[in-house]
Number of protein chains: 2
Amino acid sequence: MGSLCSMVRWEPGAKERLQLAAITLFVERGYEQTTVQDIAAAAGLTERTFFRHFADKREVLFVGSDVYAATFVQGVAEAPEGAAPFELATAAITAAARDFFPIERRAWSRQRQAVLDANTPLQERELLKRAALSDALTAAFRERGATEADARVAAETGVTAFHLAFRQWIAEGEERPLLEIEQDVLARMAAFMPGAASVAPD
Amino acid sequence: MGSLCSMVRWEPGAKERLQLAAITLFVERGYEQTTVQDIAAAAGLTERTFFRHFADKREVLFVGSDVYAATFVQGVAEAPEGAAPFELATAAITAAARDFFPIERRAWSRQRQAVLDANTPLQERELLKRAALSDALTAAFRERGATEADARVAAETGVTAFHLAFRQWIAEGEERPLLEIEQDVLARMAAFMPGAASVAPD
DNA sequence: TAAAGTCATGTCAGTTCCTGACCTCAGGGT
DNA sequence: ACCCTGAGGTCAGGAACTGACATGACTTTA
């Protein structure tokens with residue numbers, strides 16, 4: 001019994017199928033209106049299997065957030081020898097913009113963000129990931145010789161700058177590349193601080 | 001039937017009793033090991049009643065976070081007329097330190113933070129409240145004439161500064177008042193930015 | 001080549017969080 | 001006396017998870 005070929009017990013790529021089914025259903029009918037069972041069924045799998053691949057329902061939208069964070073850390077590691085904390089932070093977020101957010105990905109980022117923006121539980125998870133990123137960056141800065149306090153300041157500030165730039169990047173009508181917006185945000189933050197470094201006018 | 005006096009159908013202060021029972025049990029046996037039914041029972045109430053007072057299990061630790069945020073906003077409103085964004089942000093976080101975190105509250109803050117630190121779901125909720133605070137501050141800065149972009153930078157930076165200062169305030173062995181630590185953090189952030197305002201040495 | 005082991009999935013039962021619908025009964029106003 | 005409101009109770013149920021155990025193709029090993 002069983003058909004001609006494909007004597008495989010299970011189609012491969014279960015995790016990816018689940019992710020795809022999830023985002024599709026979330027966009028179609030909303031996050032809350034989508035049950036884990038729905039997702040699993042759409043992927044031809046079981047609810048139990050879903051939870052073997054993802055710690056919880058939200059996590060299906062955040063796989064790969066660790067390699068994403070690694071990009072920032074990598075950026076720090078590749079910064080020139082005697083770089084100051086500010087340059088290290090800049091290196092981190094420019095690396096992320098370069099490796100993770102080319103313009104081709106903007107449409108996808110917008111769609112994803114629309115889902116997140118519509119659901120508080122998802123925002124909570126995203127904030128947690130951001131905090132984890134801060135911690136990872138703090139560690140990276142420490143390895144480059146910064147004190148704990150300075151490393152924390154650099155990490156939090158860098159992540160905030162990235163976040164602000166990212167939000168602007170996916171704002172309606174925005175067309176500049178993320179890298180350019182990051183420069184803008186960093187300048188704005190510098191201008192905000194006392195000691196008021198002069199900034200190029202708008 | 002029923003005893004002598006106290007013909008009241010329900011003891012007053014249900015919400016407060018629930019909060020107290022919750023934090024007590026969380027400290028005693030941990031957040032996850034405490035069921036909402038446990039909390040309600042300890043307060044002499046029903047699970048259903050718990051959810052009438054708090055949107056979810058986590059929220060019981062975050063009541064009053066709105067008046068807390070209002071303190072920041074109030075600080076902005078009370079700042080002198082022509083204050084720059086940086087001064088407005090400073091006003092916000094110093095007002096919060098003054099009105100909400102006297103040294104007497106440090107022990108309580110430490111205990112509460114210990115519970116939060118031990119439970120990821122609670123951290124998520126706290127981050128969400130912080131994001132809400134950023135939004136409220138952004139609005140406050142806008143009302144003082146800042147552009148949207150500048151208001152966001154000021155708000156995010158201010159909240160970050162406060163957060164870093166607060167964490168230091170409740171760190172083991174730390175004894176300085178929060179206000180003093182805030183000054184320190186702000187100076188550190190200023191020193192971090194290019195244009196390097198000179199800062200008093202450690 | 002047969003036995004044994006691995007691993008991804010299925011099945012099932014159970015707990016906890018949370019919600020909607022409806023009921024109860026003190027206290028206050030009319 | 002009457003009704004209304006408000007805080008709480010009762011019950012039923014859905015959806016998110018978890019643990020324990022079963023299955024069967026593929027791989028390794030004897």
Side-chain angles (χ1 to χ4, degrees), chain A residues 1-23 25-26 28-63 115 119-125 128, chain B residues 1-23 25-26 28-63 115 119-125 128:
Chain A
M1 47 213 73
S3 52
L4 8 153
C5 71
S6 147
M7 280 291 93
V8 281
R9 183 120 106 108
W10 296 290
E11 297 304 318
K15 192 163 187 168
E16 291 71 23
R17 264 152 54 217
L18 284 168
Q19 286 181 61
L20 185 62
I23 185 104
L25 290 172
F26 290 167
E28 257 180 43
R29 47 171 125 148
Y31 173 78
E32 296 211 334
Q33 285 63 50
T34 306
T35 188
V36 173
Q37 235 177 13
D38 295 339
I39 301 171
L45 293 167
T46 312
E47 193 189 357
R48 191 67 183 87
T49 299
F50 177 95
F51 287 109
R52 285 212 184 84
H53 285 281
F54 309 101
D56 57 54
K57 186 183 171 186
R58 296 177 254 168
E59 200 63 17
V60 70
L61 284 178
F62 294 90
V63 284
V115 175
N119 298 94
T120 319
L122 296 175
Q123 293 165 37
E124 290 186 303
R125 180 55 49 86
L128 191 69
Chain B
M1 48 218 73
S3 51
L4 9 151
C5 72
S6 145
M7 279 291 94
V8 283
R9 186 120 103 106
W10 295 289
E11 298 303 319
K15 191 163 186 170
E16 291 71 22
R17 265 151 54 217
L18 284 168
Q19 286 181 60
L20 185 61
I23 185 103
L25 289 173
F26 290 167
E28 258 181 42
R29 47 173 125 148
Y31 173 79
E32 295 211 335
Q33 284 63 50
T34 305
T35 188
V36 173
Q37 237 177 13
D38 294 339
I39 301 171
L45 293 168
T46 312
E47 193 188 356
R48 191 65 184 88
T49 298
F50 177 95
F51 287 111
R52 284 211 184 83
H53 285 282
F54 309 101
D56 57 54
K57 186 183 173 188
R58 295 176 258 169
E59 201 64 16
V60 71
L61 284 178
F62 294 91
V63 283
V115 175
N119 299 94
T120 321
L122 295 176
Q123 294 166 37
E124 290 184 304
R125 181 54 50 85
L128 191 68

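For clarity, every value in this text was computed on a predicted model and none was experimentally measured. Quick note: numbers below take in every heavy atom, side chains included, and nothing from hydrogens, waters or symmetry partners. Reminder, nothing fancy here: chain letters follow the sequence lines and each chain counts from 1.
- Applying the salt bridge (charged side-chain N to carboxylate O under 4.0 Å, His left out) rule to B:E59 yields the partners B:R125, B:K129; only residues at least two apart in sequence or on another chain are considered.
- Nearest to the side chain of B:W10, among C:dC18, D:dA7, D:dT10, sits D:dA7.
- Between the side chain of A:D56 and the main chain of A:R58, a donor-acceptor pair closer than 3.5 Å is present.
- The CG-P distance, from A:L18 to D:dA16, rounds to 14 Å in whole Å.
- Across the protein-nucleic acid pair, B:K57 atom NZ and C:dC17 atom P stand 4 Å apart, rounded to whole Å.
- For the OP1/OP2 pair of C:dT9 and a distance below 4.0 Å, the side-chain nitrogens and oxygens of A:T46 include no atom meeting the criterion.
- Residue-level contact check: A:E47 touches the bases, meaning some heavy atom is under 4.0 Å from a base atom.
- The interatomic distance linking A:I39 (CD1) with D:dC17 (P) rounds to 10 Å, in whole Å.
- Atoms CG and CZ, from A:N119 and A:F26 in turn, are 8.0 Å apart once rounded to the nearest 0.5 Å.
- A:F50 has its CZ atom 13 Å from the P atom of C:dT9, to the nearest Å.
- Rounded to whole Å, atom P of C:dT16 lies 12 Å from atom CD of B:E32.
- Counting non-hydrogen atoms of other residues, nucleotides and ligands closer than 6.0 Å to CD of A:E32 gives a total of 12 or fewer.
- What separates CZ of B:R58 from C1' of C:dT16 is a distance of 14 Å, to the nearest Å.
- One interatomic measurement links the two molecules: CZ of A:R52 to P of D:dA20, which rounds to 13 Å at whole-angstrom precision.
- In this structure, of C:dC18, C:dG20, D:dG9, it is C:dC18 that holds the atom nearest to the side chain of B:F51.
- The separation between B:F54 atom CZ and C:dT19 atom P is 14 Å, rounded to whole Å.
- Judged by distance alone, with hydrogens and angles left aside, the side-chain atoms of A:R17 form a donor-acceptor pair with the main-chain N or O of A:P12 at under 3.5 Å.
- Look at B:T35 and you won't find any side-chain N or O under 4.0 angstrom from OP1 or OP2 of C:dT16.
- Counting atom types as modelled, B:R9 pairs a side-chain N or O with a base atom of C:dT24 as donor and acceptor under 3.5 Å.
- Relative to the side chain of A:T49, the nucleotides C:dT9, C:dT11, D:dG9 differ in distance, and C:dT9 lies closest.
- Applying the 4.0 Å criterion to OP1 and OP2 of C:dA8, one finds that A:H53 has every side-chain N and O outside that range.
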